[in-house]
Asker: 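First the structure, which I've put down as structure tokens, then a few questions once you've had a look.
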Amino acid sequence: MSNARLTVVQSSYRPQIGVALWKVADRGLAGFETAATAGLDHVHVDLGGPNRGPDLTDVEVLAAFDATSRRFALPITALAVNRLNDLGLTAPRGSEEALEARRSISHAIRVADRLRVPRIIIPGFRRSLVRRPEDVARTAEVLRFALGPAQAAGITLAYESGLDSERTLQILQAVGQPGICLQFDTGNPAIYGHSAASIWARLADVASPDVHLKDALGVSVDGDVPLGDGVAELELTFIAFARQPGPTSFTLEGDYREDSGSRIGRDLARLKILIGRSMLAGGLGCPDGVGCVGGSGVSRAEGMSLLECIDRWGAV
């Protein structure tokens, strides 16, 4: 057995890692410190409102988020309008729900502009879930409504749902205008009975460079499960990431409302393993045949276990 030392070459693939603050503790300012302590690079925040945490349409709340983001040097890279799940993108035209949905999106654009947030996430779950062909048209109409003011402010729209690739493409095509992308989530497909790896393979070209990262307990089941312990087939999804232009950032969206720091740390460790295994499975031309990304990566000394190699890679 060779005594050669493991040689680690800095990989060109070093994604940024963040967390969705609506899944952390009080969904508010305390999450910035939690994210900073975990060594994360960015956060996503929710517009808030009734039953949705701090309301960023309030001038004082908005100013506090702006100041805290600056204090911890944690940029807000996306603003989610999760209240739309309570209102309905698919609500009948002219209904109070439909009008309030549009008002919420208009508020989100103003808030994102004030906070210098480059992307707004428009979710399509619960009351916004697409079930019928007419829901496709209504969703596309609302997204089209949002595109003009968003683009004027230099903001990208990202649509997130549990739909398969065909229905997602139908919605994007029905919008009929550039400026909107898919907010891909690794756990949503499993919750809605689809394959995340297959969806990514089909839609990577229209996906946001940031991916929401969580696992799932099963079809139609939402809940907390550590990355890799659920049914989302994350290893297959990460191999799909390695085979096509992969995400430039991941945003953790597990359930971190209790014991936030340790749960984030747990999932960060799992993420390191998922990235490492996908690199090794890629077989992209490292000297000894184990995987690498972008032409540089990890080589493994004889007798070195896979997990030892991954762990050493993650320490770079």
Side-chain angles (χ1 to χ4, degrees), residues 20 22-23 44 46 52 78 80-91 97 101 119-143 157-175 180-208 210-241 244 247 250-257 267 270-271 274:
W22 58 86
K23 289 297 190 78
H44 288 185
D46 183 23
R52 289 287 178 180
V81 196
N82 288 324
R83 193 182 176 211
L84 295 173
N85 293 328
D86 308 326
L87 297 168
L89 295 175
T90 62
E97 291 83 3
R119 185 169 65 260
I120 290 175
I121 300 171
I122 306 292
F125 304 99
R126 298 181 61 205
R127 290 191 174 181
S128 290
L129 184 65
V130 169
R131 297 180 174 88
R132 300 172 296 273
E134 54 265 34
D135 294 339
V136 173
R138 286 174 180 162
T139 298
E141 183 180 356
V142 176
L143 293 173
L157 295 183
Y159 175 67
E160 180 177 4
S161 76
L163 301 175
D164 62 17
S165 55
E166 294 299 328
R167 188 57 66 88
T168 301
L169 283 174
Q170 284 179 14
I171 291 174
L172 298 183
Q173 290 166 357
V175 173
I180 185 167
C181 61
L182 165 69
Q183 178 64 55
F184 185 77
D185 183 296
T186 60
N188 288 336
I191 294 172
Y192 289 88
H194 309 303
S195 162
S198 296
I199 291 175
W200 181 262
R202 181 75 187 278
L203 301 182
D205 289 343
V206 296
S208 165
D210 175 87
V211 163
H212 279 177
L213 183 62
K214 66 172 179 279
D215 210 327
L217 290 172
V219 176
S220 300
V221 179
D222 195 9
D224 178 46
V225 57
L227 292 179
D229 284 357
V231 300
E233 298 183 333
L234 292 178
E235 291 200 12
L236 292 177
T237 304
F238 272 75
I239 290 172
F241 291 157
Q244 293 180 261
F250 293 100
T251 299
L252 300 171
E253 204 190 5
D255 187 348
Y256 310 121
R257 288 172 292 183
D267 279 357
R270 297 290 181 91
L271 174 57
L274 286 164

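Quick note: numbers below take in every heavy atom, side chains included, and nothing from hydrogens, waters or symmetry partners.
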Asker: Within the 4.5 Å heavy-atom criterion, are Leu274 and Phe241 side-chain neighbours or not?
Answerer: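 Counting from C-beta outward, Leu274 and Phe241 never come under 4.5 Å.
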Asker: As an exercise, state the distance from CD1 of Ile199 to CD of Glu166, rounded to the nearest 0.5 Å.
Answerer: 10.5 Å
Asker: So do the side chains of Ile121 and His212 get within less than 4.5 Å of each other, counting heavy atoms only?
Answerer: yes
Asker: Kindly indicate, with the supporting measurements, whether the criterion side chain to side chain contact (heavy atoms under 4.5 Å, CB included) is fulfilled by Ile122 and Val81.
Answerer: CA-CA 6 Å; Ile122 306 292; Val81 196; 4.2 Å; yes
Asker: So, taking the atom named CG in Leu234 and the one named CG in Asp215, what distance separates them when rounded to the nearest 0.5 Å?
Answerer: 4.5 Å
Asker: If you look at every heavy atom in Ser128 and Thr90, which pair is closest and at what distance?
Answerer: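 Shortest heavy-atom separation between Ser128 and Thr90 comes out as O-CG2, 3.9 Å.
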Asker: Do Glu253 and His44 have side chains that approach each other closer than 4.5 Å (heavy atoms only, starting at C-beta)?
Answerer: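 No, too far: nothing below the 4.5 Å cut-off.
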Asker: If you count heavy atoms of other groups shown closer than 6.0 angstrom to CD of Glu233, is the number above 12?
Answerer: no
Asker: Within a strict 4.5 Å, meaning less than it, do heavy atoms of the Phe184 and Thr168 side chains meet?
Answerer: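 When only atoms from C-beta onward are counted, Thr168 and Phe184 do not touch, as no gap falls below 4.5 Å.
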Asker: Please find the pair of heavy atoms, one from Ala101 and one from Gly88, that lie closest to each other, and give the distance.
Answerer: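 What the structure gives for the nearest pair is CB-O, 4.3 Å.
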Asker: Locate the shortest heavy-atom distance separating Gly162 from Phe125; write the atom from each residue and the value.
Answerer: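 Result for this residue pair: N-CE2, 3.4 Å.
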Asker: Under 3.5 Å, side chain of Thr186 to main-chain N/O of Lys214, donor-acceptor pair present?
Answerer: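 Present.
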Asker: To the nearest 0.5 angstrom, please state how far the CG atom of Asp164 sits from the OG atom of Ser195.
Answerer: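 That separation rounds to 11.0 Å.
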Asker: Side chains of Arg202 and Leu169, heavy atoms from C-beta outward: is any pair under 4.5 Å?
Answerer: yes
Asker: Test: salt bridge (charged side-chain N to carboxylate O under 4.0 Å, His left out). Region: residues 122-133. Which pairs qualify, not counting sequence neighbours?
Answerer: Asp86-Arg126, Arg132-Glu134, Arg132-Asp135
Asker: Sort and list the pairs that fulfil salt bridge (charged side-chain N to carboxylate O under 4.0 Å, His left out) and have at least one residue in residues 188-199, not counting sequence neighbours.
Answerer: none
Asker: If I compare all heavy atoms of Gly124 with all of Leu89, which pair ends up nearest, and what's the gap?
Answerer: CA-CD1, 4.5 Å
Asker: Roughly how far, to the nearest 0.5 Å, is the CG atom of Leu129 from the OG1 atom of Thr139?
Answerer: 9.0 Å
Asker: Would you check, one step at a time, whether the test side chain to side chain contact (heavy atoms under 4.5 Å, CB included) holds for Asp267 with Phe250?
Answerer: CA-CA 12 Å; Asp267 279 357; Phe250 293 100; over 6 Å; no
Asker: Look only at the side chain of Asp46 and the backbone of Asn82, and say whether a donor-acceptor pair between them is shorter than 3.5 Å.
Answerer: yes
Asker: Taking C-beta and beyond as the side chain, do Asn85 and Arg52 meet within less than 4.5 Å on heavy atoms?
Answerer: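 Yes - at least one pair of side-chain heavy atoms lies under 4.5 Å apart.
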Asker: Hey, are the side chains of Tyr159 and Ile180 touching, using non-hydrogen atoms and a 4.5 Å cut-off?
Answerer: yes
Asker: Decide side chain to side chain contact (heavy atoms under 4.5 Å, CB included) for Trp200 and Leu236; before the verdict, give the C-alpha distance in whole Å, the side-chain angles of both, and the deciding distance to 0.1 Å.
Answerer: CA-CA 10 Å; Trp200 181 262; Leu236 292 177; over 6 Å; no
Asker: What heavy-atom pair brings Ile191 and Ala216 nearest, and what distance separates the two atoms?
Answerer: CG1-CB, 3.7 Å
Asker: Quick one: closest heavy-atom pair of Lys23 and Gly254, and the distance?
Answerer: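 Between these two residues, the closest heavy atoms are CB-O, 3.1 Å.
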Asker: Hey, does Pro247 have a side-chain heavy atom less than 4.5 Å from the side chain of Asp210?
Answerer: no
